[in-house]
Amino acid sequence: MSGTELEEPGQLKRAVIDASAGAVAGAISRMVTSPLDVIKIRFQVQLEPTASWALTKKDSPLKPKYNGLFRTTKDIFREEGLSGFWRGNVPALLMVVPYTSVQFAVLHKVKSFAAGSSKAENHAQLSPYLSYISGALAGCAATVGSYPFDLLRTVLASQGEPKVYPNMRSAFLSIVQTRGIKGLYAGLSPTLIEIIPYAGLQFGTYDTFKRWSMVYNKRYRSSSSSSTNPSDSLSSFQLFLSGLASGTVSKLVCHPLDVVKKRFQVEGLQRHPKYGARVELNAYKNMFDGLGQILRSEGWHGLYKGIVPSTIKAAPAGAVTFVAYELASDWFEANLT
């Protein structure tokens, strides 16, 4: 029997563990951070300027429906109730579960290929550059596989009351009827352009902070007289901090591309007038045109609409995702036979 045949069951088991742990991590993170995601999307699809300098101009356009994190939170709660903060959560879960499953499974596979080993301790020795590249490839694969659910999530989360689309099915049918099947992939190009630096930064930064923490542990524990067995293993708190840092850095760098993606996803779709102007069909020729138009009409602030709830969400989302993944992966590895 060949060595490859002997390795296959182990490879399959590892893939199942990574996919399962990724699904658990994604679902938990999504449920926890959904309110901030809804608020972020409301800001991003809003065409009216929200910067203070624009609102005080004499020739200022109509005032925005949403302006300010606390005011927006209060408005959504008053008009839509607590459930409004989980609007679009079903397609979001349908998106995030396969997304994180594919992402972590592909990530482990790419790292195993680069390291020549499937062992996590060998992956920790990879150069930072390979960590960034592995994260980018994993993010691209996961994005393509789950994108229609991401689009449906955005459409449902961006609407308020009264609803234009009462459920995911009505939104799906409306998009297919008005824009065809390709409408389910509207904004995919800027999403892929966004996900390459975003996922690369997220996983690369996470691995970097983990590596720094391991070095710190080795130095601290080896010099501690109370420790007879120095170890570079990380605590859940250190994993949490590493995930917190990676989520914050990646979101701050890539937020403008996320704004453009959201505009592509809702262009041409119905929007109740009280929530402001809608994004007209074919409003942007491409991602760069979208960035330029937003910059000209809404200023630099327009490219960072929703950055506060987005960053507040990204930090705990990254932390929860990575900690949940590490713990779930350990559990599955110990119990999966």
Could you walk me through whether Val266 and Arg278 pass side chain to side chain contact (heavy atoms under 4.5 Å, CB included), step by step? CA-CA 8 Å; Val266 300; Arg278 74 171 190 168; over 6 Å; no

What's the spacing between Ile195 CD1 and Leu257 CG if we round to 0.5 Å? 10.5 Å

Check the angle between the aromatic planes of Phe77 and Phe85 and answer parallel, tilted or perpendicular using the 30° and 60° thresholds. parallel

ILVMFWY cluster, Trp300 and Val253 together (side-chain gap under 4.5 Å): no

For Ala157 and Ile41, which heavy atoms make the closest approach, and how far apart are they? CB-CD1, 3.8 Å

Would you please test Lys285 and Glu267 for salt bridge (Lys or Arg N to Asp or Glu O under 4.0 Å) and show each step? CA-CA 12 Å; Lys285 297 176 183 177; Glu267 69 173 8; over 6 Å; no

If every non-hydrogen atom of Val259 is compared with every non-hydrogen atom of Leu303, which pair is closest and at what distance? CG2-O, 3.4 Å

Donor-acceptor contact below 3.5 Å, side chain Lys305 vs main chain Gln46: yes

Taking all non-hydrogen atoms of both residues into account, name the closest pair between Ala171 and Leu156 and its distance. CB-CD2, 4.1 Å

Any donor-acceptor N/O pair, Ser34 side chain to Met31 backbone, under 3.5 Å: no

Any side-chain heavy-atom pair from Phe172 and Leu152 closer than 4.5 angstrom? yes

Are any of the side-chain heavy atoms of Gln44 and His255 separated by less than 4.5 Å? yes

Assess whether a salt bridge exists between Glu80 and Lys74, defined as any Lys/Arg side-chain N lying under 4.0 Å from an Asp/Glu carboxylate O. no

Looking only at non-hydrogen atoms, find the nearest pair between Gly290 and Tyr284 and report the distance. CA-CD2, 3.5 Å

Using only atom types and a distance under 3.5 Å, with no angle test, would you say the side chain of Arg153 pairs donor to acceptor with the backbone of Val96? no

Show the nearest heavy-atom pair for residues Thr311 and Leu252, with the distance to one decimal. OG1-CD2, 3.7 Å

Working to the nearest 0.5 angstrom, can you tell me the gap between Lys40 NZ and Thr33 OG1? 9.0 Å

Asn89 side chain to Ala92 backbone, donor-acceptor under 3.5 Å: no

Can you tell me how far the CD1 atom of Ile193 sits from the CG atom of Leu188, to the nearest 0.5 Å? 9.5 Å

Is it the case that the side chain of Ser170 and the backbone of Asn167 share a donor-acceptor pair, with hydrogens and angles ignored and the cut-off at 3.5 Å? yes

Do Val155 and Ile175 come within less than 4.5 Å of each other through their side chains, counting heavy atoms only? yes

Evaluate the side chain to side chain contact (heavy atoms under 4.5 Å, CB included) criterion for residues Thr100 and Gln103: first the C-alpha distance (whole Å), next the side-chain angles of each, then the deciding distance (0.1 Å), finally the verdict. CA-CA 5 Å; Thr100 49; Gln103 187 178 44; 4.3 Å; yes

Quick one, Ser213 and Ser242 - any side-chain contact, counting heavy atoms below 4.5 Å? yes

Got Leu281 and Arg179 here, is their nearest side-chain heavy-atom distance under 4.5 Å? yes

Do the side chains of Trp212 and Leu130 join up, straight or via other hydrophobic residues, at under 4.5 Å, putting them in one cluster? no

Heavy atoms, side chains only, cut-off 4.5 Å: are Gln238 and Tyr216 in contact? yes

Verify the distance criterion only: is there a donor paired with an acceptor across the side chains of Thr154 and Gln265 at less than 3.5 Å? yes

Can you list the steps and then say if Phe113 with Val110 is a side chain to side chain contact (heavy atoms under 4.5 Å, CB included)? CA-CA 5 Å; Phe113 176 79; Val110 173; 5.7 Å; no

Main chain of Gly26, side chain of Ser29: is a donor-acceptor contact present, judged purely on distance under 3.5 Å? no

Find out whether Phe322 and Phe240 are in side-chain contact, i.e. whether some heavy atom of one side chain is under 4.5 Å from a heavy atom of the other. no

Using the rule that two of Ile, Leu, Val, Met, Phe, Trp, Tyr join whenever any of their side-chain heavy atoms come within less than 4.5 Å, decide whether Leu201 and Tyr99 are in one cluster. no

Measure centre to centre between the rings of Tyr185 and Phe264, then say whether the value is under 6.0 Å. no

Salt bridge between Asp258 and Lys262, side-chain N to carboxylate O under 4.0 Å? yes

Out of curiosity, Thr73 OG1 to Arg42 CZ, how far, rounded to the nearest 0.5 Å? 11.0 Å

Can you tell me if Arg169 has over 12 outside heavy atoms packed within less than 6.0 Å of its CZ? no

Is Tyr132 reaching over with its side chain to a backbone N or O of Gln202, donor-acceptor style, under 3.5 angstrom? no

Treating Ser246 as the side-chain partner and Tyr206 as the backbone partner, does any N or O pair qualify as donor plus acceptor under 3.5 Å? no

Is Lys65 paired with Asp75 through a side-chain N to carboxylate O contact shorter than 4.0 Å? no

I'd like to know if the side chain of Thr72 and the backbone of Gly68 have a donor-acceptor N/O pair within less than 3.5 Å. yes

Hphob cluster co-occupancy, Val24 + Val320, side-chain heavy atoms under 4.5 angstrom: yes

Thr178 OG1 to Leu173 CG distance, which is reported to the nearest 0.5 Å: 10.5 Å

Please check if the side chain of Arg87 supplies one atom and the backbone of Pro35 the other of a donor-acceptor pair under 3.5 Å. no

To the nearest 0.5 Å, atom CG of Leu327 lies from atom OG of Ser329 at 9.5 Å

Could you check if a side-chain atom of Phe104 sits within less than 4.5 angstrom of a side-chain atom of Lys109, using non-hydrogen atoms only? no

Closest approach of Asp18 and Ala105, non-hydrogen atoms and distance? CB-CA, 3.8 Å

In terms of hydrophobic clustering (I, L, V, M, F, W, Y; side-chain heavy atoms under 4.5 Å; direct or indirect links), are Leu36 and Ile307 co-clustered? yes

Quick one: do Tyr66 and Arg71 satisfy side chain to side chain contact (heavy atoms under 4.5 Å, CB included)? Show the steps, please. CA-CA 8 Å; Tyr66 300 113; Arg71 177 184 164 188; over 6 Å; no

